[in-house]
Amino acid sequence: MTAANDANASQHVTPPRVLIVDGSRVVRQLITRVLSAELPGVEVVACGSGAEAQEHLSRGVVDFITVALRLPDMDGLELARIVRETAPQIYVPIVVVSGDVEQRLQRRELGEFITDYFDKALGFSALAEFIKGYVKPEGGAEGEVLYVEDSRVVALATRRMMEKYGLTVHHVISVEDALARLDTARVQGKLGCDIVLTDVSLKGELTGADLLSRIRGEFGYGKGQLPVLVMTGDENAQNQSALLRGGANDLVVKPIEEKRLITKLLFQLRVALHLRERLTTAA
């Protein structure tokens with residue numbers, strides 16, 4: 001393909017189509033307005049009920065779906081199940097947008113049909129950034145990741161995923177090494193990284209859960225100050241809930257899916273940087 005053809009192809013990239021499903025007209029309008037501003041060219045389809053969303057999906061595919069937990073005619077999770085059973089929408093990202101999603105998440109009640117969740121309390125501008133990570137990943141990102149993984153094979157592949165997006169990765173193989181790095185940084189008046197990504201199961205005496213406990217307890221770093229993402233292959237709901245209650249910002253379920261991992265990382269980084277900027281301005 002010639003350079004001219006490449007240019008023409010880039011000019012004809014299909015813009016992302018986002019389906020917003022929420023019973024509140026005000027919420028639909030707010031999300032549509034913010035997405036239109038943050039994602040130029042995006043096509044937003046706003047539906048007020050599950051039936052309306054199904055009718056739209058029968059006419060064409062979309063790139064992303066946000067759904068409220070409570071709809072006028074059905075539960076949002078039921079709509080997600082219907083979408084998953086309706087080809088070709090099986091793998092479309094479906095994100096629950098709700099103000100009470102945290103409690104459901106801790107009880108692992110969001111179900112297998114939901115891709116991810118978003119807490120409405122973070123604001124619709126943050127939601128736009130979150131959606132952008134799925135439908136229009138940025139070519140570059142800034143931030144330092146402290147990555148704890150004892151499998152060098154897994155670490156190499158996952159590190160390459162993160163570095164491809166411009167993230168700086170500091171890889172250590174044990175919780176002890178991670179704590180030493182954080183402690184050295186603390187002495188220097190620094191955090192030592194912008195976000196921590198740790199496997200929960202690690203060789204040695206300490207686990208990823210222990211690292212999480214030390215960061216939130218001994219170091220006193222809150223979820224907004226130093227985000228922690230925990231990778232786990234454990235499907236036990238109680239164990240996952242314990243990690244979230246222990247202060248994990250989010251979980252990354254194994255096997256690692258690149259797009260989901262990067263979206264979660266970039267989103268937590270943006271939220272943390274936004275909070276730091278607000279604190280600096282207030283000071």
Side-chain angles (χ1 to χ4, degrees), residues 101-103 105-106 108 116-119 121-122 126 129-130 133 141-151 154-155 158-159 161-163 165 167-186 190-234 236-254 256-258 260-276 279:
V101 74
E102 186 70 20
Q103 290 185 355
L105 182 70
Q106 288 183 356
R108 309 312 288 168
D116 220 324
Y117 72 96
F118 181 85
D119 187 347
L122 294 172
E129 289 291 334
F130 187 76
E142 294 183 359
E144 295 187 37
V145 182
L146 177 55
Y147 176 38
V148 191
E149 171 61 66
D150 56 12
S151 168
V154 172
T158 307
R159 180 171 186 165
M161 288 182 195
M162 293 186 280
E163 290 179 338
Y165 287 83
L167 296 169
T168 301
V169 181
H170 304 288
H171 173 230
V172 296
I173 62 173
S174 70
V175 171
E176 289 82 358
D177 290 341
L179 291 171
R181 181 180 180 86
L182 291 172
D183 195 47
T184 298
R186 180 171 58 176
K190 302 176 182 179
L191 282 175
C193 61
D194 296 304
I195 190 167
V196 175
L197 175 66
T198 181
D199 196 346
V200 69
S201 299
L202 297 163
K203 297 174 183 175
E205 295 183 4
L206 301 177
T207 67
D210 294 321
L211 175 59
L212 176 64
S213 177
R214 296 283 186 90
I215 289 173
R216 298 292 180 243
E218 179 183 325
F219 286 85
Y221 297 147
K223 294 170 70 173
Q225 186 177 14
L226 183 58
V228 179
L229 290 184
V230 180
M231 299 177 293
T232 178
D234 185 355
N236 183 283
Q238 291 184 340
N239 293 341
Q240 292 185 355
S241 296
L243 291 169
L244 292 164
R245 289 195 302 271
N249 289 64
D250 205 346
L251 305 180
V252 181
V253 180
K254 291 184 171 183
I256 301 300
E257 179 186 329
E258 178 176 333
R260 186 176 297 186
L261 170 64
I262 297 302
T263 297
K264 287 175 181 283
L265 276 170
L266 295 186
F267 175 67
Q268 294 295 342
L269 276 170
R270 291 187 191 108
V271 171
L273 291 173
H274 175 68
L275 290 173
R276 289 175 202 167
L279 290 172

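The residues of the chain are indexed from 1 along the displayed sequence.
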For Asp183, all residues meeting salt bridge (Lys or Arg N to Asp or Glu O under 4.0 Å), sequence neighbours excluded =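 With neighbours one apart ignored, the set is Arg186.
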query = With sequence neighbours left out, what residues match Glu257 under salt bridge (Lys or Arg N to Asp or Glu O under 4.0 Å)?
reply =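 Salt bridge (Lys or Arg N to Asp or Glu O under 4.0 Å) list for Glu257, sorted by chain: empty.
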What distance do [X] atom [atom1] and [Y] atom [atom2] have between them, rounded to the nearest 0.5 Å?
X: Leu229; Y: Leu261; atom1: CG; atom2: CG; answer: 7.5 Å
X: Leu202; Y: Ile173; atom1: CG; atom2: CD1; answer: 10.0 Å
X: Gln240; Y: Arg245; atom1: CD; atom2: CZ; answer: 11.5 Å
X: Ser201; Y: Asp150; atom1: OG; atom2: CG; answer: 8.5 Å
X: Asp194; Y: Leu269; atom1: CG; atom2: CG; answer: 6.0 Å
X: Leu243; Y: Asn239; atom1: CG; atom2: CG; answer: 7.5 Å

Which residues satisfy the side-chain contact (heavy atoms from CB on, under 4.5 Å) test with [X], sequence neighbours excluded?
X: Arg181; value: Glu144, Leu146, His170
X: Lys254; value: Glu149, Asp199, Met231, Ile256
X: Glu176; value: Ser174, Glu205, Leu206

Distance-only side-chain donor-acceptor flag, Asp210 / Ser213, under 3.5 Å =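 There is no such pair (donor and acceptor under 3.5 Å, judged by atom type) between the side chains of Asp210 and Ser213.
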List the atom of [X], the atom of [Y], and the distance in Å for their closest heavy-atom pair.
X: Gly208; Y: Val175; answer: N-CG2, 4.3 Å
X: Val148; Y: Ala178; answer: CG2-CB, 3.8 Å
X: Arg216; Y: Asn249; answer: NH2-OD1, 2.9 Å

key: Qualifying residues under ring pair (Phe, Tyr, Trp, His ring centres under 6.0 Å), relative to Tyr147, sequence neighbours excluded   =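 For Tyr147 the ring pair (Phe, Tyr, Trp, His ring centres under 6.0 Å) partners, ignoring immediate neighbours, are His171.
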message = Does any part of the side chain of Cys193, heavy atoms only, come nearer than 4.5 Å to the side chain of Leu182, both counted from C-beta?
response =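 Result yes, sub-4.5 Å side-chain heavy-atom pair found.
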State whether the side chain of [X] and the backbone N or O of [Y] hold a donor-acceptor pair below 3.5 Å, judged by distance alone.
X: Gln268; Y: Val228; value: no
X: Arg159; Y: Val169; value: yes
X: Asp177; Y: Val172; value: no

side-chain contact (heavy atoms from CB on, under 4.5 Å) partner of Phe219, the single match among Leu191, Leu226, Leu179 =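 Single side-chain contact (heavy atoms from CB on, under 4.5 Å) partner of Phe219 among Leu191, Leu226, Leu179: Leu179.
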ask   = side chain to side chain contact (heavy atoms under 4.5 Å, CB included) between Leu266 and Leu167: does it pass, once the steps are laid out?
value = CA-CA 9 Å; Leu266 295 186; Leu167 296 169; 4.2 Å; yes
key: Sidechain N-carboxylate O distance under 4.0 Å for Lys264, Asp250   =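 Looking at Lys264 and Asp250, the cut-off is met.
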